[in-house]
Amino acid sequence: MKLPRMECPDCGRPIAAGPVAGRVSKGRLWRHDPPGQARTPGGPLVSCGGSLRLVDLPGRNRQLEIAVPTTAGPAAEDRDPALF
């Protein structure tokens, strides 16, 4: 599933927003580092203040579509009636 990218209200970067259960028009921004944050090995993890914030998803009142792979089974006339 491809997640929509939303602008973080704190840092302005485009961040993926995942759907929130029970709230079709809302999403939660993924955790991300603030711009320019230097990461030191073994140091603390620092997140942007906009990480995990609730945002309005594009296409309000539309449910996100998840692509489901289709597997073609045998046609009804090709099935063995003893198995069904």
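Source: prediction; values computed, not measured.
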Margin query: Run the side chain to side chain contact (heavy atoms under 4.5 Å, CB included) test on Met6 and Asp56 for me, step by step, so that the C-alpha distance in whole Å, both residues' side-chain angles and the decisive distance to 0.1 Å come before the verdict.
Written below: CA-CA 9 Å; Met6 305 297 299; Asp56 290 325; 5.8 Å; no
Next item on the list: I would like to know whether Val55 and Arg28 meet side chain to side chain contact (heavy atoms under 4.5 Å, CB included); could you show each step before the answer?
Entry: CA-CA 6 Å; Val55 292; Arg28 188 172 300 278; over 6 Å; no
Notebook entry, point to check: How long is the span from the CG atom in Leu29 to the CD atom in Glu7, to the nearest 0.5 Å?
Noted result: 10.5 Å
Next item on the list: Answer yes or no: is there a donor N or O on one side and an acceptor on the other, between the side chain of Ser47 and the main chain of Asp33, under 3.5 Å?
Entry: no
Next item on the list: Please name the pair of heavy atoms, one in Cys8 and one in His32, separated by the smallest distance, quoted to 0.1 Å.
Entry: SG-NE2, 3.4 Å
Note to self: Given 3.5 Å as the limit, does a donor-acceptor pair link the side chain of Arg31 with the main chain of Cys48, or not?
What the structure shows: no
Notebook entry, point to check: For the residue pair Leu57 and Pro4, what are the closest heavy atoms and their distance?
Noted result: CD2-CG, 3.9 Å
Checklist line | Between CG on residue Leu52 and CD1 on residue Ile15, distance to nearest 0.5 Å | finding: 11.0 Å
Check: Looking only at heavy atoms, which two atoms of Leu3 and Pro19 are closest? And how far apart?
Finding: CD2-CD, 3.9 Å
Notebook entry, point to check: Do you know the tightest heavy-atom contact between Gly18 and Trp30?
Noted result: N-NE1, 3.9 Å
